[in-house]
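Just so you know, residue 1 is the first one in the sequence shown, and it goes up from there. Predicted, not measured: the structure shown is a model, and the values here were computed from it.
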Amino acid sequence: MSPKAPRGADAPVGDGTDVDALVDGLFALPLEQFVVARTAAAKEIKASGDAVGAERVGRLAKPTVAAWVVNQVARERPDDVAALVSLGDELRDATTDRDRTRIRTLDRLRRERVERVVAELRDAGEVAGRAVSATALDRLAETLTAAVMDPDAGALVRAGRLSQALQHVGFGIVDEGGEPADVVELRARTGGTAGAGGPGAANPETSTTPGARSARADTRPADGAPPEEDAVAAAEREVEETAAEVDRLEAERDEADTRVRAAGDAVGQVEDELGRVEDELARLADEREDLHARLAEARDGVAAAQDSLDGADARLNEAEERAAAARKARRAARRG
């Protein structure tokens with residue numbers, strides 16, 4: 001089933017299929033639904049008569065986990081992302097004016113805003129129903145920083161269609177594989193920064209992955225292709241395959257992280273119960289010591305009472321003996 005998004009008038013083809021809306025819907029879906037929905041979208045576009053568009057959509061690379069997180073943040077928090085991109089414009093103006101005080105102030109504001117978005121997502125523990133790993137949060141921070149530092153990267157992040165997270169490395173923007181991201185070319189194809197149409201007002205070709213770039217290259221005639229193009233295509237395929245492997249391992253890590261959190265919660269519950277039991281044991285131990293002390297005291301009382309009883313018995317025996325002697329003496333006196 002193809003992803004359904006509101007029909008628009010920006011990119012109708014054939015029987016009125018809105019390719020842009022379909023593509024935007026793909027990147028908004030839960031990550032595990034992307035591949036099936038991409039295939040369905042490509043078939044729908046092809047049925048509308050746009051074979052080239054269908055092929056390009058069919059070759060869109062599945063986002064990595066980190067890129068998917070960035071895309072969802074761009075959709076759920078467009079104002080925060082737009083504010084960061086705008087902050088980048090202010091930073092560039094301050095740099096042009098060589099206003100060091102302004103640059104330091106804006107850079108501190110950049111860090112605070114990026115950290116706030118990441119911290120709130122970390123506290124939530126999920127985005128769009130999917131658990132977020134520490135690695136994905138780190139790459140989110142890197143990508144948001146890239147959106148501030150580079151205007152073309154900012155446009156791509158706001159579009160919410162990244163297939164790989166971005167990173168600003170001082171001399172430009174790279175993707176998760178360390179490959180230079182063609183942000184200038186991609187932004188030119190989008191027609192500039194995403195506007196009132198919301199995230200994703202870009203051409204289906206604007207996915208920032210080697211796979212997407214190879215999709216454009218592969219639409220050229222194969223006959224007579226220079227050898228270097230074959231090498232590039234092979235390298236692009238290798239990058240896409242390794243990126244897919246990274247995506248799979250990230251998904252495994254996310255699942256493991258979820259299990260670790262669940263196990264941690266279980267450990268916490270058992271530790272709490274153990275703490276309560278240990279407190280109860282400590283209370284009972286104190287009570288036991290108190291009872292032992294009282295028992296010893298009672299035993300001392302029994303011993304003292306027994307001594308008194310023995311003394312009384314001895315004195316009673318003596319008194320009885322004296323009484324018997326007195327009675328005997330009395331009888332003798334009466335007979336005499």
Check whether more than 12 heavy atoms from other residues, nucleotides or ligands sit under 6.0 Å from atom CD of E297, and answer yes or no.
no
Under 4.5 Å between any side-chain heavy atoms of R108 and R111, yes or no?
yes
Do H168 and V148 make a side-chain contact, defined as non-hydrogen atoms from C-beta onward lying under 4.5 Å apart?
no
Quick one: pull up OG1 in T143 and CD in Q164 and give me the separation to the nearest 0.5 Å.
10.0 Å
Okay, side chain of S48, backbone of I45: is any donor-acceptor separation there less than 3.5 Å?
yes
Report the C-alpha distance between L291 and R288 in whole Å, list the side-chain angles of each, state the deciding distance to 0.1 Å, and finish with yes or no for side-chain contact (heavy atoms from CB on, under 4.5 Å).
CA-CA 5 Å; L291 290 173; R288 181 175 181 273; 5.7 Å; no
Just how far is it from atom CG of L84 to atom CZ of R158, taken to the nearest 0.5 Å?
10.5 Å
Give the minimum heavy-atom separation between A165 and A66, together with the two atoms involved.
CB-CB, 4.1 Å
Distance (rounded to the nearest 0.5 Å) between E44 CD and T39 OG1:
13.0 Å
Okay, side chain of D290, backbone of D286: is any donor-acceptor separation there less than 3.5 Å?
no
Could you tell me which residues satisfy salt bridge (Lys or Arg N to Asp or Glu O under 4.0 Å) with D138, sequence neighbours excluded, listed by chain and number?
none
If you take all heavy atoms of L31 and P63, which pair is closest and at what distance?
CD1-O, 3.4 Å
Between R116 and E112, is the salt bridge (Lys or Arg N to Asp or Glu O under 4.0 Å) condition met? List the steps.
CA-CA 6 Å; R116 183 176 67 249; E112 291 174 353; over 6 Å; no
R110 side, atom CZ; E115 side, atom CD - distance, nearest 0.5 Å
8.5 Å
Any side-chain donor-acceptor pair under 3.5 Å between Q306 and D310?
yes
Salt bridge R56-D50, side-chain N to carboxylate O under 4.0 Å
no
Kindly write out the residues that satisfy salt bridge (Lys or Arg N to Asp or Glu O under 4.0 Å) with R113, not counting sequence neighbours, or none if the list is empty.
none
To the nearest 0.5 Å, atom CD of E318 lies from atom CG of L316 at 10.0 Å
Locate the shortest heavy-atom distance separating W68 from A128; write the atom from each residue and the value.
CH2-CB, 3.7 Å
Does the side chain of K328 reach to within under 4.5 Å of the side chain of R331, using non-hydrogen atoms?
yes
Closest heavy-atom pair, N71 versus R161, reported as atoms and distance to 0.1 Å, is OD1-N, 3.3 Å
Check against side-chain contact (heavy atoms from CB on, under 4.5 Å), L121 and V117
CA-CA 6 Å; L121 200 61; V117 171; 5.7 Å; no
Would Q72 and L140 count as a side-chain contact (heavy atoms from CB on, under 4.5 Å) if you check the C-alpha gap in whole Å, the side-chain angles of each, and the deciding distance to 0.1 Å?
CA-CA 11 Å; Q72 306 318 304; L140 169 63; over 6 Å; no
Contact summary for L26 and A37, nearest pair of heavy atoms:
CD2-C, 3.4 Å
Not counting sequence neighbours, which residues clear salt bridge (Lys or Arg N to Asp or Glu O under 4.0 Å) with R102? List them please.
E90
For A42 and V57 the tightest heavy-atom approach is N-CG1, 4.3 Å
Keeping T95 on the side-chain end and L91 on the backbone end, is there a donor-acceptor pair under 3.5 Å?
yes
Look only at the side chain of R38 and the backbone of L60, and say whether a donor-acceptor pair between them is shorter than 3.5 Å.
yes
Does R92 reach the main-chain N or O of M149 with its side chain, forming a donor-acceptor pair under 3.5 Å?
yes
May I have the step-by-step check of side-chain contact (heavy atoms from CB on, under 4.5 Å) for V65 and R130, ending in yes or no?
CA-CA 10 Å; V65 172; R130 184 186 183 97; 3.8 Å; yes
Output yes when a side-chain donor or acceptor of E289 lies under 3.5 Å from a complementary backbone atom of L284, and no otherwise.
no
Would you call R283 and E287 a salt bridge, taking side-chain N to carboxylate O under 4.0 Å as the test?
yes
Assess whether a salt bridge exists between D107 and R104, defined as any Lys/Arg side-chain N lying under 4.0 Å from an Asp/Glu carboxylate O.
no
What distance separates S163 OG from L156 CG, expressed to the nearest 0.5 Å?
10.5 Å
